[in-house]
Amino acid sequence: MTELQRTKHPRPFLTTQYGVLFKSDCLDILRALKSEVVDCVFADPPFNLGKDYKNGFTDKTNEANYYEWCSKWINECSRVLKPGGAFFVYALPELAVRFANIMNKRLTFRHWIALSMKGTYSRGKKLYPAHYALLYYTRGEPKTFNKLRLQIPICRHCGGEIKDYGGHRNKLNPEGLNLTDFWDDTSPNRHRSGPV
């Protein structure tokens with residue numbers, strides 16, 4: 001039985017072997033949880049851009065209300081995180097800067113991971129954001145941190161290595177490259193109205 005199931009709260013909308021999904025206000029669910037009971041939080045909040053999700057949700061409110069709401073869910077997520085737990089927030093850079101200020105008060109900054117975006121579109125008098133931010137924070141020292149290595153990137157056309165590593169290719173670890181805070185192999189999320 002989970003911490004949430006011990007409380008008097010809405011029933012899960014969906015339960016699988018991988019977890020539980022609730023169709024409710026995130027603040028109601030988070031406030032029902034005891035402190036320090038969650039290992040990892042991943043949040044991809046609405047960006048307050050006026051996007052029509054076609055479900056009645058309004059993704060455009062005044063800036064003060066939006067950041068007040070964000071402060072509430074970020075603080076609740078921070079509260080329920082176990083010592084050593086991880087908190088990831090996916091956002092546009094202009095939002096991530098604000099979110100980081102809130103997270104810095106209770107958590108330990110680990111990384112700003114830049115996820116490259118492949119498309120381009122007009123943003124009025126702003127540059128197109130070529131990356132989205134994935135903020136990575138922990139409650140103190142991380143409980144788990146896997147040192148991952150990646151294969152050396154190969155050209156899909158010629159099969160040759162893409163970089164020359166400044167002439168120091170022979171000094172690279174044979175097990176691959178260290179994972180860095182710049183990820184260019186991720187596809188952007190696209191919201192869908194039905195099953196994938």
Side-chain angles (χ1 to χ4, degrees), residues 2-14 19-115 117 121-140 142 181 186 188-193:
T2 67
E3 295 296 329
L4 188 59
Q5 290 168 330
R6 291 189 187 107
T7 67
K8 295 177 182 174
H9 230 25
R11 292 177 190 237
F13 177 74
L14 175 69
V20 179
L21 177 68
F22 289 88
K23 187 176 181 180
S24 184
D25 186 314
C26 67
L27 288 172
D28 292 338
I29 301 295
L30 288 164
R31 287 174 178 149
L33 290 171
K34 293 181 180 179
S35 296
E36 301 183 358
V37 295
V38 174
D39 291 302
C40 182
V41 173
F42 180 90
D44 178 2
F47 294 166
N48 204 37
L49 299 174
K51 182 176 176 105
D52 183 3
Y53 288 94
K54 305 197 183 318
N55 64 1
F57 176 78
T58 302
D59 186 36
K60 190 65 181 165
T61 186
N62 76 56
E63 194 172 280
N65 288 346
Y66 177 72
Y67 288 115
E68 181 182 344
W69 172 73
C70 289
S71 181
K72 288 177 183 176
W73 66 257
I74 289 170
N75 283 322
E76 283 299 313
C77 288
S78 300
R79 180 187 62 77
V80 301
L81 204 60
K82 289 180 182 177
F87 188 177
F88 296 90
V89 178
Y90 178 77
L92 292 168
E94 65 189 280
L95 298 177
V97 169
R98 304 288 274 296
F99 296 164
N101 282 331
I102 301 165
M103 298 170 83
N104 284 335
K105 294 175 185 171
R106 299 181 72 172
L107 302 171
T108 302
F109 173 79
R110 302 293 296 171
H111 295 282
W112 174 302
I113 301 167
L115 286 80
M117 300 307 294
Y121 61 91
S122 174
R123 298 250 1 240
K125 295 182 179 180
K126 292 184 175 185
L127 297 174
Y128 169 75
H131 85 279
Y132 279 21
L134 181 61
L135 298 175
Y136 168 33
Y137 279 76
T138 56
R139 179 181 285 271
D181 62 4
T186 55
N189 265 339
R190 296 291 179 237
H191 298 279
R192 298 183 180 169
S193 58

Keeping the roles fixed (side chain from [X], backbone from [Y]), state whether a donor-acceptor pair exists under 3.5 Å.
X      : Y     : answer
Arg106 : Asn75 : yes
Arg139 : Leu81 : yes
Ser78  : Ile74 : yes
Arg79  : Leu30 : yes

Do the non-hydrogen side-chain atoms of [X] and [Y] ever get within less than 4.5 Å of each other?
X      : Y      : result
Val89  : Trp73  : yes
Trp112 : Val97  : yes
Leu95  : Tyr67  : yes
Cys77  : Tyr137 : no

Kindly assign one of parallel, tilted or perpendicular to the pair Tyr90 and Phe47, based on the angle between their ring planes and the thresholds 30° and 60°.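 Tilted.
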Suppose we screen for ring-ring contact (aromatic ring centres under 6.0 Å, His included). Which residues come up paired with Phe87, at least two apart in sequence or across chains? none
Salt bridge (charged side-chain N to carboxylate O under 4.0 Å, His left out) partners of Glu94, counting only residues at least two apart: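 Listed in chain order: Arg123, Lys126.
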Just to verify, what does Asp181 make a salt bridge (charged side-chain N to carboxylate O under 4.0 Å, His left out) with, not counting sequence neighbours? none
Non-neighbouring partners of [X] that pass side-chain contact (heavy atoms from CB on, under 4.5 Å), sequence neighbours left out:
X      : result
Thr61  : Asn48, Asn65, Tyr66
Asn101 : Asn104
Lys72  : Leu27, Arg31, Glu68

In this structure, is the centre-to-centre distance between the rings of Phe13 and Phe22 below 6.0 Å? no
Working for side chain to side chain contact (heavy atoms under 4.5 Å, CB included), residues Val41 and Phe88: CA-CA 6 Å; Val41 173; Phe88 296 90; over 6 Å; no
Steps toward side chain to side chain contact (heavy atoms under 4.5 Å, CB included) verdict (Met103, Phe109): CA-CA 8 Å; Met103 298 170 83; Phe109 173 79; over 6 Å; no
